[in-house]
Amino acid sequence: MKKISICILLCILCVALAACQPQQNSLSVTDGVVSWNEISNATEYNVEINGKSYVCKKTSFVIPSDVFGEVTIKVFAKTGEKNVLVAETTVTVKQTLSKPYDLKLDGDMLSWRAVQNADKYFVVLNDVSYETANTQISLKYVVSGSVSVAVYAVSDNPYLQNSPRSETTVEVTEYPLQTVGNVEVKGGKLTFDKVEGAKQYQIYVDGVKVAATDDNTVALTPEMIGETLKVRAVSDVAIPSPLSQAATLSFGEIENEEQLAEVNAGYFSLKNDIALTKEYTPKAFGGVFRGNNHTISGINIAYDSSAVGFFAELTKATVSDLTLRGKIELQSATSGPDVGGLCGKAQNSVIENCFVFVDITAEFRNGLANVGGIVGSLINTDVLQTEYQGTITTRNAVCGGFVGTASNPTENRNVKQCKTKATIKADGGERAFAGGFIGKFTDNMLTVSQCVADVDITGQSYVGGFVGYFGSGKVLDSITLGQVSAQNPFIVHLGGFIGRAEGYNVTAERCISASSVQTTVVAETKCVGGFVGKTVGGTYAYLYKDCFFDSEVNAIQAVGNPDSGRSDGITGVTTRQLETPSTFSTFDSSVWNIADGEIPMPNRNRQ
């Protein structure tokens, strides 16, 4: 009986203990709501989250918005005077940030109300996102016109999700950009101040847009060279700025080989002589290059390109007071290149007071090239008081002791008071014209005056002491010296001053050929003259005026085709008469240096 009583007491004790224990697995968390099973006789519940207590009358509780992350939740049931633990759990709670309210535009400033726990905001303007840590953003220079706007809040906390978007449509004023300031060119760089809101900067040269850039530091190109350089700021959402003031110019100094290799376009001044130690690679140049009477020596060029010289090409350039020494040796596969001691090709440029001592040896395997002691191809360029001295040996090129080809004119230009002293050997076919000064002259807007060609030249077909092929242009007050010869067995047009004059837009006035004209070849077509190998005839008698040749050295007629060509204006005189001032009574003594016992020479002093 005693044992039965003990068993009954143990059972009652177990039931009582069970009633005091929390019910297991009755707590759940779904979509931010805590739920549990109802406890009989409970008058209320206490929900404890990370130690903070909340009173609840129901069997569910919405987790506050400021609670997130890893949290411990406990639920207590209040029965009478006792709080009994119903259940507990640890869960990860994620919250969604509140929506930014009061989205509005005031002037150019878009603003909204701050969102609790937000670290930043994304502003979407016409589908383009911008990030800010503030509760406002300026739309000036960002967008203009009718703009679709959306703003949402973002937190760096992984338990806080992006807010819903607040959206609206606003009208944004198109503002003008400020004028670009501090525009400066130094050496080969263009710099200027950045402009707020500018997406691009347009570069204008002499009123014409030539380039655009995103940066405010720009390496100059030949296209950016002119009288005035200005900059305009632009944007697709703003009114373009006015053009800036013209750039101020300052020269970059070149002191060594490394700096010289970087020259491309701009304004440069040679500070001292430079002796090159490496093979030189030519570059195109636009701008101003002042040699300051210094010398660049050791030039060694073997670079095959469409334009080859100390400068590959000059475009809108001025090169002055420079001496060059070295050599060019080419085996070229490039089609029809231009090669010159100073530059391969010069257009819209000025060359003044330069002295070039560069030997040129070149063979061309892909078409006819243009080779000149100073310039291979001359287009709309002035050359003043410049000299070449050296040896030129070519195969398959139009070759001149000073200029290879002068052509394609659009404006009046001058080659004046220049000289070449050279030994030239030009091989090739009939079209490989060779001239002591110009190989091929077809520029009716170019005047060559007061120039000297002191040249021993051996060519093939069209060979002249001054011009090989003369299609158009003017030569005034100039002279040839040396020896002229041709070697083609099929056709020879050889003259002491002009090889072949073709067309009626050629002029030679007050010119002298003191050259020795020699050829032993027996050609099928052979026209050899003391002044012109072959010239035009008909009624055009005034191509030549007050011109002379040494008929004692060259016991031949003035023109090599006297039956069909006109030699009016050309007079053959003896060597002594060439040294007699009275022979040249029509010559201007300010242009010529005329003294008894001497062959007259053009005055090459600066005028």
Side-chain angles (χ1 to χ4, degrees), residues 103-112 120-151 168-252 262-268 285-288 315-316:
L103 185 59
K104 60 184 179 181
L105 181 67
D106 184 7
D108 63 273
M109 193 65 67
L110 180 71
S111 63
W112 55 91
K120 56 192 172 185
Y121 302 89
F122 281 90
V123 182
V124 183
L125 306 173
N126 291 339
D127 298 325
V128 179
S129 292
Y130 301 85
E131 181 181 331
T132 178
N134 303 315
T135 57
Q136 61 182 15
I137 184 173
S138 174
L139 302 189
K140 185 178 182 180
Y141 303 137
V142 179
V143 289
S144 63
S146 181
V147 180
S148 173
V149 179
V151 179
T168 189
T169 299
V170 297
E171 290 292 327
V172 182
T173 301
E174 186 179 43
Y175 293 91
L177 295 171
Q178 296 299 308
T179 303
V180 180
N182 292 321
V183 182
E184 180 182 13
V185 170
K186 183 173 183 179
K189 297 288 185 183
L190 166 66
T191 60
F192 47 86
D193 292 341
K194 288 187 175 181
V195 172
E196 181 188 3
K199 294 186 178 180
Q200 194 178 66
Y201 301 94
Q202 297 174 342
I203 300 170
Y204 286 75
V205 174
D206 299 334
V208 178
K209 187 178 79 171
V210 298
T213 177
D214 298 332
D215 199 359
N216 66 326
T217 299
V218 183
L220 292 178
T221 64
E223 292 76 19
M224 297 180 194
I225 304 302
E227 294 294 325
T228 61
L229 188 153
K230 299 180 179 182
V231 181
R232 168 175 283 148
V234 296
S235 170
D236 58 351
V237 294
I239 299 170
S241 75
L243 281 173
S244 69
Q245 294 293 316
T248 60
L249 303 179
S250 57
F251 282 76
E262 297 300 319
V263 170
N264 181 36
Y267 300 82
F268 298 95
F285 179 75
V288 178
T315 303
K316 293 192 290 186

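Because the structure is predicted, anything quoted here is derived from the model rather than measured.
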Check: Which residues satisfy the side-chain hydrogen bond (donor to acceptor under 3.5 Å, both in side chains) test with Asp193, sequence neighbours excluded?
Finding: Asn182

Next item on the list: List in chain and number order the residues that pass side-chain hydrogen bond (donor to acceptor under 3.5 Å, both in side chains) with Asn126, two or more places apart in sequence or in another chain; answer none if no residue qualifies.
Entry: none

Next item on the list: Check whether any side-chain heavy atom of Val147 lies under 4.5 Å from a side-chain heavy atom of Thr169, and answer yes or no.
Entry: no

For residues 213-221, run the donor-acceptor check on the side chains, cut-off 3.5 Å, and write out each pair with its distance to 0.1 Å, sequence neighbours left out.
| unit_1 | atom_1 | unit_2 | atom_2 | d |
| --- | --- | --- | --- | --- |
| Thr213 | OG1 | Asp215 | N | 3.0 |
| Thr213 | OG1 | Asp215 | O | 3.4 |
| Asn216 | ND2 | Phe192 | O | 2.9 |
| Thr221 | OG1 | Glu223 | OE1 | 3.0 |

Ignoring hydrogens and angles, write down the donor-acceptor pairs under 3.5 Å from the side chains of residues 127-140, residues two or more places apart or on other chains.
| unit_1 | atom_1 | unit_2 | atom_2 | d |
| --- | --- | --- | --- | --- |
| Thr132 | OG1 | Asn134 | N | 3.0 |
| Ser138 | OG | Asp108 | OD2 | 2.5 |
| Ser138 | OG | Lys140 | N | 3.3 |

Check: What salt bridge (Lys or Arg N to Asp or Glu O under 4.0 Å) pairs are there with at least one residue in residues 197-209, not counting sequence neighbours?
Finding: Lys199-Asp236

Next item on the list: Might you confirm whether atom CD of Gln200 has over 12 heavy atoms from other residues, nucleotides or ligands at distances under 6.0 Å?
Entry: yes

Next item on the list: Please name the pair of heavy atoms, one in Ser244 and one in Val183, separated by the smallest distance, quoted to 0.1 Å.
Entry: OG-CG2, 3.5 Å

Check: Side chains of Val288 and Phe251: does their closest heavy-atom pair fall under 4.5 Å?
Finding: yes

Margin query: Can you pull out every ring-ring contact (aromatic ring centres under 6.0 Å, His included) where at least one residue sits in residues 202-234? Sequence neighbours excluded, please.
Written below: none

Item checked: Within-4.5 Å side-chain heavy-atom neighbours: Lys316 and Pro222 -> no

Checklist line | Spatial distance of atom NZ (Lys186) from atom CG (Leu249) [nearest 0.5 Å] | finding: 12.5 Å

Next item on the list: Flag the pair Tyr201 / Lys194 as yes when at least one side-chain heavy-atom distance between them is below 4.5 Å, and no otherwise.
Entry: yes

Checklist line | Side-chain touch Val151/Phe122, heavy atoms, less than 4.5 angstrom | finding: no

Notebook entry, point to check: Between OG1 of Thr228 and CG of Leu243, what distance do you get to the nearest 0.5 Å?
Noted result: 9.0 Å

Check: Rounded to the nearest 0.5 Å, what separation is found between the OG atom of Ser111 and the CG atom of Leu103?
Finding: 7.5 Å

Check: Does the side chain of Leu177 come within less than 4.5 Å of Ser235's, by heavy atoms?
Finding: yes

Check: Do any N or O atoms from the side chain of Ser241 and from the backbone of Arg232 form a donor-acceptor pair under 3.5 angstrom?
Finding: no

Next item on the list: May I ask you to decide if the ring planes of Phe285 and Phe268 are parallel, tilted or perpendicular, using 30° and 60° as cut-offs?
Entry: tilted

Check: Does Tyr175 reach the main-chain N or O of Gly197 with its side chain, forming a donor-acceptor pair under 3.5 Å?
Finding: no

Margin query: When you compare the side chain of Val149 with that of Leu110, does any pair of heavy atoms fall below 4.5 Å?
Written below: yes

Margin query: Is there a side-chain contact between Val237 and Val142 in this structure, where contact means two heavy atoms from C-beta onward sitting under 4.5 Å apart?
Written below: no

Notebook entry, point to check: Between Val205 and Ile225, does a side chain to side chain contact (heavy atoms under 4.5 Å, CB included) hold up when you go through it step by step?
Noted result: CA-CA 7 Å; Val205 174; Ile225 304 302; over 6 Å; no

Check: Hey, what do you get for CD (Gln202) to NZ (Lys230), rounding to the nearest 0.5 Å?
Finding: 14.5 Å

Next item on the list: Might you work through the side chain to side chain contact (heavy atoms under 4.5 Å, CB included) test for Leu229 and Leu190, ending with a clear yes or no?
Entry: CA-CA 9 Å; Leu229 188 153; Leu190 166 66; 3.7 Å; yes

